[in-house]
Amino acid sequence: AAAHGGTDSLPPPPPPEPASPVQTPGSPLPCDTEGLCPDDFPLFPGMSNNESAPDTDFLLTLCVYIFILFQRHSRCRNYKAELEACRFEVIPVEFGDFHPLKLITVTDSKTKKVGRKGSTSSTSSSSSSSMLDPLSSLLDGSDPLSLFAATADPLTIACCQPSFKREREEETGVGSDFEPWCGKRGDILARYTTTEKLSIGSQKELLNLTQQDYINRIEEQNQSLKDAWATDQKVKALKIVIQCSKLLSDTSVIQFYPSKFVLITDILDTFGKDSYQHFICRNCFLVLQDNFSPDEVNETAKETCLNWFFKIASIRELISRFYVEVAILKCNKFLSKVGISETLPRLTSMIRGIGDPLVAVYARAYLFRVGMEVAPHLKDSLNKNFFDFLSTFKQIHGETVQNQLAVQRVEIPIYLTLYSPAIDWILQCIAYKAPEALLTEMMERCKKLGNNALLLNSVMSAFRAEFIATRSMDFIGMIKECEESGFPKHILFRSLGMNLALADPPENDRLQILNEAWKVITKLKNPQDYVNCAEVWIEYTCRHFTKRQVNTVLADVIKHLTPDRAFEDAYSQLQSIITKVLYNFHDFAVLFSMEKFLPFLDMFQKESVRVEVCKCIMDVFIRHQQELTRDPVILNALMHVCKTMHDSVNALTLEDEKRSLAVFISGFIRMVSFGRDFEQQLSFYVEARSTFCNLEPVLVQLIHSVNQLAMETRKVMKGKHSRKTAAFVRACAAYCFITIPSLANIFTRLNLYLHSGQVALANQCLSQADAFFKAAISLLPEVPRMINIDGKMRTSEGFLFEFLSNFFSTLLIVPDHPEQGVLYLVRGLLNVIQDYTWEDASDPKVRTYTNVLHLLAAVSQENYLYHVDKVDSNDNLYGSDPKFLAEINKLSDTLIGQILDHLKTLGKDENLRRQSALAMSLFNSILIHGDLRNNKLNQLAINLWNLAQKHGFADTKTMVRTLEHIKRQNKQPGMGHFAELALRLPLQSRT
């Protein structure tokens, strides 16, 4: 082991155990019939087929007595012949002029013709009905599930048609690619906040409200409006909406105005929807579709609707009158086909009377909102609304506004940002499905207004990214000419960068665009402003340039955010930057060769954020790394990343988080390969074990990887190890032997001991294999009776039985130690099974004994069913030696005695169903593995058969199939005695 990087070595093998029968301290398990006196059991004659089944005690006593007098003998097996007998009969097919999967067509006719051998087909020139072969569709390449489409819901089929989708878009005017207002609502409420005191109207009790109190009162008003409609208090509903809309003329707390607009228009939207439904109810004797004609509306509904418009027209305040009428704009459909198209220009003109430019622009935004919902096809009227805004845009810098800002102590850059939600929404509506020519017109209007930054920013946010990207240099020129004081240029460059992340600019302009943008970005003094821009432009840099430019950008980010630990306030943006770099660079050799990549990671000082970044790196590596790697740069960097994740684990870490981290680290381990340098590979696993010792799944992965390494060594050497490779695979075994005890899950340890022992055996490391198997046997007494599975305590006997079954299958090929007697591992394992605290009258224990009987039957064969290459199993060592077979028979006797005792216990405890099943199980074991030419063993099988049927719990179908199997076996060579056995097995009906 020292020759292999200081790898752990196996401890010296334990002292030899004496070759003795199975014994357990305090509860010896006899291995022969000594101490059992035949006189203790009365002698009963054998039963004939015509006699009725005796009592349970009679049968058990007879079974035990017969068994004591005559030892069980396993029948000789010819595994190759048995395998051939189980194969299906192969019948050659003469194809001729047909294919067996060819479509079969059956037609009605008086005349028939032969279509292929063994079948006929009918033809008719008049009418026919076809029956399709279910496999025929596979021949023509069609999907068999596509046949179901013919029986689908007609509405579902129609909705899937492109024409249907186009019709729906024409009716609604907008598609799924149009971002609705509700998607912007939350962002506005979160962004535009205030700590100033607010008021609702002039009522004294509603003065000096905090922002949250104000929001709560608005929500109360909304609920009052709903209650008024529910109780048919229409006048009260109208008063509520008038009072609320009046609040939109108040700009006393100007920074809160966008959020106020959102809250008040929610009430207006509710009023508009309820009004529309009210008029529908007035016309309830008709079922009105959404595209109904005014001629279908009855006079009562028309009169009520017209009365509402007259009431609204009489509202004195312009703001309230405008908003309430816009809220019920859709109700014009009850009066006239052209009601909406005639009303929109009038409402647009009404906005001209609003003096405050901020109030006016949000009024226009609301008109756009409702207009896009009820009449999206009337975009000309909506566009005129925006052009009116442009003509009055100079009011923003007027004296009235300046005085207002001075009173409220609001800076002009902050004031201008209040316009963004409204202008962005207006331009989104205008730009939706607009031609590229409209962007050109907008750019010209922006130039006429002196390249106003606020408007330019909204234009870049609204129009399609492809249109913006093709004009990138034009926009950069316009940005340069904008005034810096009102609206910061870095916001404009950020908006431009967001478009370039979605669409590519002309190739010849790409480098110049980056240089022009970064000249502005790198001069930013505010770290938050800087990182907001860098977060956007890093993606553009990654998409169009090499690692050199990306490394330069990362270096610049580090330079700006390191002073005063500014990075602590920018973790979300830094995470976004690293994610975009990883998304565009999947070659980790290139990624880690960037000089500033790891220093960039060092800025993530907060552990939770750092771990998330490391998980992101590992996720990209596992998903995109196509080839195994041994690159030292990659290995060192990823080892550092994985160690960061591992070291974050503590006593408070959730199990799900531990599993997530283990998946990433295990994925990394699987991707590391040093090719034929197996010693270097093992050294890597040694280092990984010490680095990731706190994550059990990672240790399990390392053990499997080392075992795989040993098997790869065996493959390279074609099973013939040299002195050097033999020492190496022993070192691999030592690694596993030392690592397994550190695992907490006992069944994981057991399975790994077994698996590692099998690998050691395959590599001819017999001493190491013995050590693994003995360690597994020594661990079995520690298996708890109950284990936690999905939060519930369950018995562990099922898992233990499964493990023991696998263990015994392995022990068939394990050669005996020359100094420790016959089947010493089997005997040691049986000692542990006997001493283990099983549940009372536990069946898994006896089922395990039955499996051992199968093992002993296989061990007694002259040639075993399977072997390990270059390892001599007991069939070669003993060569059917009589003494060896005698030991097997004595051990079999003891096990059968234990099973029969258990059968007797079940009879006393009235567990007759379990007794029947167990008796049948033992019968099947004797039937398959026993030599039934022995008359007494034959009699034992018959008695077990009768016991299985004694109390009517046996499955009659199973018994019938078993009897048919026995009759079929009679036809096999050397199995003629099964005929007599079949005659002596009665079938009893259930009582």
Side-chain angles (χ1 to χ4, degrees), residues 20-33 36 59-60 63-64 66-68 71-74 750 773 776-777 780-781 783 785 795-812 814 822-860 887-909 911 914-930 937 940-941 943-944 947-948:
S20 61
V22 179
Q23 294 179 351
T24 302
S27 178
L29 178 64
C31 63
D32 54 21
T33 58
L36 297 179
L59 280 170
L60 285 175
C63 289
V64 174
I66 294 174
F67 178 72
I68 290 173
Q71 292 183 341
R72 173 180 178 271
H73 296 280
S74 300
L750 286 172
F773 297 144
I777 294 173
L780 284 173
V783 175
R785 292 181 59 183
T795 179
S796 64
E797 290 189 351
F799 296 94
L800 182 57
F801 173 76
E802 180 182 359
F803 170 76
L804 291 173
S805 299
N806 293 333
F807 201 170
F808 283 122
S809 298
T810 301
L811 292 182
L812 172 64
V814 177
V822 175
L823 302 180
Y824 72 102
L825 287 176
V826 175
R827 291 174 183 272
L829 187 52
L830 286 173
N831 282 332
V832 173
I833 294 171
Q834 175 68 13
D835 193 44
Y836 183 77
T837 306
W838 300 84
E839 293 185 8
D840 295 338
S842 174
D843 284 348
K845 176 180 179 180
V846 179
R847 289 167 58 201
T848 300
Y849 284 158
T850 304
N851 282 348
V852 178
L853 289 177
H854 303 165
L855 168 65
L856 295 176
V859 169
S860 65
E887 290 293 328
I888 293 175
N889 287 334
K890 289 170 66 178
L891 194 54
S892 301
D893 295 346
T894 303
L895 293 172
I896 292 183
Q898 290 287 315
I899 297 173
L900 295 179
D901 286 343
H902 184 70
L903 275 173
K904 188 173 182 179
T905 302
L906 292 177
K908 290 179 180 179
D909 296 341
N911 290 320
R914 288 167 56 192
Q915 183 192 61
S916 173
L918 187 57
M920 195 61 193
S921 175
L922 184 56
F923 169 83
N924 288 331
S925 297
I926 295 175
L927 179 67
I928 296 171
H929 300 286
L937 189 62
L940 175 59
N943 290 340
L944 289 170
L947 177 59

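Note that this is a predicted model, so its numbers are computed, not measured.
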### N831 and I777, any side-chain heavy atoms less than 4.5 Å apart
no
### Task
Drop me the distance from I899's CD1 to Y849's OH, to the nearest 0.5 angstrom.
9.0 Å
## Note on the structure
When every non-hydrogen atom of Y836 is compared with those of V783, the smallest separation belongs to OH-O, 2.9 Å
### Summary
R827 and V822 have their tightest heavy-atom pair at NE-O, 3.0 Å
### Task
Could you tell me whether a side-chain N or O of T848 sits under 3.5 Å from a main-chain N or O of P844, the two making a donor and an acceptor?
yes
### Query
Can you tell if the side chain of L944 reaches within under 4.5 Å of the side chain of L903, non-hydrogen atoms only?
yes
### Query
Nearest 0.5 Å, what's the CG-CG distance between N806 and N851?
10.0 Å
### Query
Are F808 and L804 close enough, and set up right, to give a side-chain contact (heavy atoms from CB on, under 4.5 Å), and what steps lead you there?
CA-CA 6 Å; F808 283 122; L804 291 173; 4.3 Å; yes
#### Entry: T905 side chain reached by N911 side chain, heavy atoms, under 4.5 Å
no
### Nearest-0.5 Å distance, OG of residue S925 to CG of residue L856
11.5 Å
### Query
Side chains of L891 and L830: does their closest heavy-atom pair fall under 4.5 Å?
yes
### Atom pair OG (S860) and CD (E887), whose distance is rounded to the nearest 0.5 Å
13.5 Å
### Query
Is the shortest heavy-atom distance from the side chain of F807 to the side chain of L811 under 4.5 Å?
yes
#### Entry: Contact check, side chains of Q834 and Q898, non-hydrogen atoms, under 4.5 Å
yes
### Query
Hey, are the side chains of H929 and L853 touching, using non-hydrogen atoms and a 4.5 Å cut-off?
no
### Message
Looking at every non-hydrogen atom in both residues, tell me the closest pair between S921 and T850 and how far apart they are.
### Response
OG-CG2, 4.1 Å
### Task
For side-chain contact (heavy atoms from CB on, under 4.5 Å), just list the numbers for F923 and L947, CA-CA rounded to whole Å, side-chain angles, deciding distance to a tenth of an Å, and then say yes or no.
CA-CA 10 Å; F923 169 83; L947 177 59; over 6 Å; no
### Task
Given side-chain contact (heavy atoms from CB on, under 4.5 Å), test W838 with L800 step by step and report yes or no.
CA-CA 11 Å; W838 300 84; L800 182 57; 3.8 Å; yes
### Task
Quick one: pull up OG in S74 and CD1 in I928 and give me the separation to the nearest 0.5 Å.
12.5 Å
### Summary
CG (L812) and CG (L823) are apart, to the nearest 0.5 Å, by 10.0 Å
### Task
Side-chain contact test, heavy atoms from C-beta onward, threshold under 4.5 Å: evaluate it for H902 versus L918 and give yes or no.
yes
### Query
Between S796 and R785, is there a donor-acceptor pair closer than 3.5 Å when you use the side chain of the first and the backbone of the second?
yes
### Query
For F799, does the CZ atom sit with more than 12 other heavy atoms under 6.0 Å from it, leaving out its own atoms?
no
### Task
Let me see the working for V826 and V859 under side-chain contact (heavy atoms from CB on, under 4.5 Å), right down to the final yes or no.
CA-CA 11 Å; V826 175; V859 169; over 6 Å; no
